[in-house]
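Written out below as structure tokens is the structure these notes cover.
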Amino acid sequence: MKLLIFVTGRGMGGDAVTAYNITKILESNNIESKIVLDPSAPGYYFKKRNVEWLTSPIPTAGGHATTKLKLIKGALKTLTASIQAFRLIKKEQADGVIGCLGGGCVIGCLAAKIAKVPSIGVVGTPTDTKISIKLNPTLILPESTHFKMDHIESKYDTKKQYLPIKSDIISGNKENILSKLPEQFNPNNSSVLFSSGSTLFDDMAKAARKFAEENENVNIFVIGVPLKEELEEVINHPNIINLGYINYIEDLYDLIDLAVITDDGLTLHETLACEIPIVTVIGVKYGRYHNLASLFEGAVLESHVDNISEVVNNALVNKEEMKKAAHKYSEGICEAPNELGKFVVEHMN
């Protein structure tokens, strides 16, 4: 069996990691797969892993932050993109398609219908969810508003699914990175990670800076490539250890006491799997808010930039109780890759 995985985004953030993890799950089930990205995507995540990919236009409509105007403009590009994706499916003689999030889901699943091959949607936004459940079996991630619904209207099978994390994400060893850390790292202090994913967004940088200015006796790590150059100056502070884009995240997870992250995505699942207490900074990515703290009660606290010190310090004081709460969700998240594999095998067969 050979599947094409159509992926939204630039091939360097959470969407890319999710798609890559899916390829590994498929590989363990003896299923061949190839990634498909938009021609403009740099695909850094795949390049670093020597993974080649195919290209086909995958327009986006703004994801969670979309507007009616963006949806209309996106719809106009969708038909042409779907036809080109259909041609790619035929050229590659693919047996099926997985549409992975946003535009990747919409284009991949529509093209599969035209090509008359089976497809599965992996969804996390309002638009991709509404389209996927009308076209094919669908895996619904926590960011989707449908995740909290008791009943989903669809003639196809749907399954609520945690994001597929890497199986070894919980196997990090902090000893591997201690020698890489600068002299300002103090092993006697608590360590807090600030991350908005592979890209460092404005409010996450501001939150890290504000916390650094108000808390001297904490190791503050910041990761990700700044969305714009001026953010380098925001996080240029004696109390901040700026690690940039790293490839040893599992070892860093083993080191930190707390993660300050966004209210979405793979990082939240990874940190919960590692039983790390979490503070989410609300509205970092274009004002998005998923209320995931309500899904992971006790393990996740919410904050804004203005009150970041109060919430983070409260979490550090209560970190043992938060770790116990995270433990309740860890097993289910670690099982998510196996559950995804079963779903794909069942519906592709």
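Considering CG of Asp251 and CD1 of Ile177, their distance stands at 5.5 Å, rounded to 0.5 Å. A distance of 10.5 Å separates CG in Leu231 from CD in Glu233, rounded to the nearest 0.5 Å. Rounding to the nearest 0.5 angstrom, the gap separating the OG atom in Ser28 from the CG atom in Asn338 is 7.5 Å. The CG atom of Leu88 sits 14.0 Å away from the CD1 atom of Ile83 when rounded to the nearest 0.5 Å. Note that the CD1 atom of Ile98 and the CE atom of Met348 stand 5.0 Å from one another [nearest 0.5 Å]. A distance of 9.0 Å separates CG of Leu101 from OG1 of Thr129, quoted to the nearest 0.5 Å.
No hydrogens or angles considered: nothing links the side chains of Thr267 and Ser195 as a donor-acceptor pair under 3.5 Å. Side-chain N/O atoms of Ser294 and Lys148 include a donor and acceptor closer than 3.5 Å. Thr125 and Asp128 are linked by a side-chain donor-acceptor pair at a separation below 3.5 angstrom, with hydrogens and angles left out of the test.
Between the side chain of His237 and the main chain of Asn239, a donor-acceptor pair closer than 3.5 Å is present. At distances below 3.5 Å, not a single donor-acceptor pair connects side-chain atoms of Ser167 with backbone N or O atoms of Ile165. Checked by atom type and distance alone, the side chain of Asn29 pairs as donor or acceptor with a backbone atom of Ile25 at under 3.5 Å. Lys319 places no side-chain N or O within donor-acceptor distance of the main-chain N or O of Asp257, the cut-off being under 3.5 Å. A side-chain donor-acceptor contact under 3.5 Å links Gln184 to the backbone of Pro238. In this structure, Thr271 contributes its side chain and Leu268 its backbone to a donor-acceptor pair below 3.5 Å. One N or O on the side chain of Asp38 and one on the backbone of Ser40 form a donor-acceptor pair closer than 3.5 Å. Not a single donor-acceptor pair under 3.5 Å links the side chain of Thr138 to the backbone N or O of Ile140. Judged purely by atom type and a 3.5 angstrom limit, Ser330 has no side-chain atom pairing as donor or acceptor with the backbone of Ala326. A donor-acceptor pair under 3.5 Å is absent between the side-chain atoms of Ser303 and the main chain of Val279, judged by distance alone.
In this structure the side chain of Tyr253 reaches within 4.5 angstrom of the side chain of Leu193, judged on heavy atoms. Residues Val218 and Phe211 are in side-chain contact: their nearest non-hydrogen atoms beyond the backbone lie under 4.5 Å apart. Val300 places none of its side-chain heavy atoms less than 4.5 Å from the side chain of Leu292. Proximity of Ile5 to Lys34: side-chain heavy atoms (C-beta onward) are nowhere separated by under 4.5 Å. Ile240 has its side chain out of reach of Phe194: every pair of non-hydrogen atoms, C-beta onward, lies at least 4.5 Å apart. Taking 4.5 Å as the limit, some side-chain heavy atom of Met204 sits within range of a side-chain heavy atom of Val260. For the pair Asp263 and Val284, the minimum side-chain heavy-atom distance is 4.5 Å or more. With contacts defined as side-chain heavy-atom distances shorter than 4.5 Å, the pair Ile131/Cys105 does not qualify.
Grouping the Ile, Leu, Val, Met, Phe, Trp and Tyr side chains by contacts below 4.5 angstrom, directly or via other members, places Val7 with Val123. Hydrophobic clustering (ILVMFWY, side-chain heavy atoms < 4.5 Å, transitive): Ile31 and Leu54 are in distinct clusters. At a threshold of 4.5 Å between side-chain heavy atoms, the hydrophobic network of Ile, Leu, Val, Met, Phe, Trp and Tyr places Leu3 and Val117 in two separate groups.
Across every non-hydrogen atom of Thr280 and Thr262, the tightest pair is CG2-O, 3.8 Å. Nearest heavy-atom pair across Gly43 and Leu37 is CA-CD1, 4.1 Å. What you find for Ile235 and Ala205 is that their closest heavy atoms are CG2-CB, 3.9 Å. Residues Ser191 and Asn219 share a closest heavy-atom pair of OG-ND2, 3.2 Å. Ile333 approaches His269 most closely through the heavy-atom pair CG2-O, 3.6 Å. Contact between Ile107 and Ser82 at its shortest, heavy atoms only, is CD1-OG, 3.8 Å.
Between Glu320 and Lys324, no side-chain nitrogen of the basic residue sits less than 4.0 Å from a carboxylate oxygen of the acidic one, so the salt-bridge criterion is not met.
Note: Phe296 and Tyr329 have perpendicular aromatic rings, judged against thresholds of 30 and 60 degrees for the angle between ring planes.
Counting heavy-atom neighbours within 6.0 Å of Arg87 CZ, excluding the residue itself, gives a total of 12 or less. Other residues, nucleotides and ligands contribute at most 12 non-hydrogen atoms within 6.0 Å of the OH atom of Tyr44. Around the NZ atom of Lys160, the shell of radius 6.0 Å holds more than 12 heavy atoms that belong to other residues, nucleotides or ligands. Atom NZ of Lys174 sits in a sparse spot, with 12 or fewer heavy atoms from other residues, nucleotides or ligands closer than 6.0 Å. Within a 6.0 Å radius of NZ in Lys2, other residues, nucleotides and ligands contribute more than 12 heavy atoms.
A search for side chain to side chain contact (heavy atoms under 4.5 Å, CB included) contacts involving Val17 returns Asn21, Tyr45, Leu266, not counting sequence neighbours.
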* For salt bridge (charged side-chain N to carboxylate O under 4.0 Å, His left out), just list the numbers for Asp202 and Lys228, CA-CA rounded to whole Å, side-chain angles, deciding distance to a tenth of an Å, and then say yes or no. => CA-CA 8 Å; Asp202 292 51; Lys228 46 194 177 186; 2.7 Å; yes

* **Evaluation steps, salt bridge (charged side-chain N to carboxylate O under 4.0 Å, His left out), between Glu214 and Lys210** => CA-CA 6 Å; Glu214 298 171 355; Lys210 182 173 177 60; 2.9 Å; yes

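Tested against Val281, the residues Ile261, Val311, Ile308 include a single side-chain contact (heavy atoms from CB on, under 4.5 Å) partner, Ile308.
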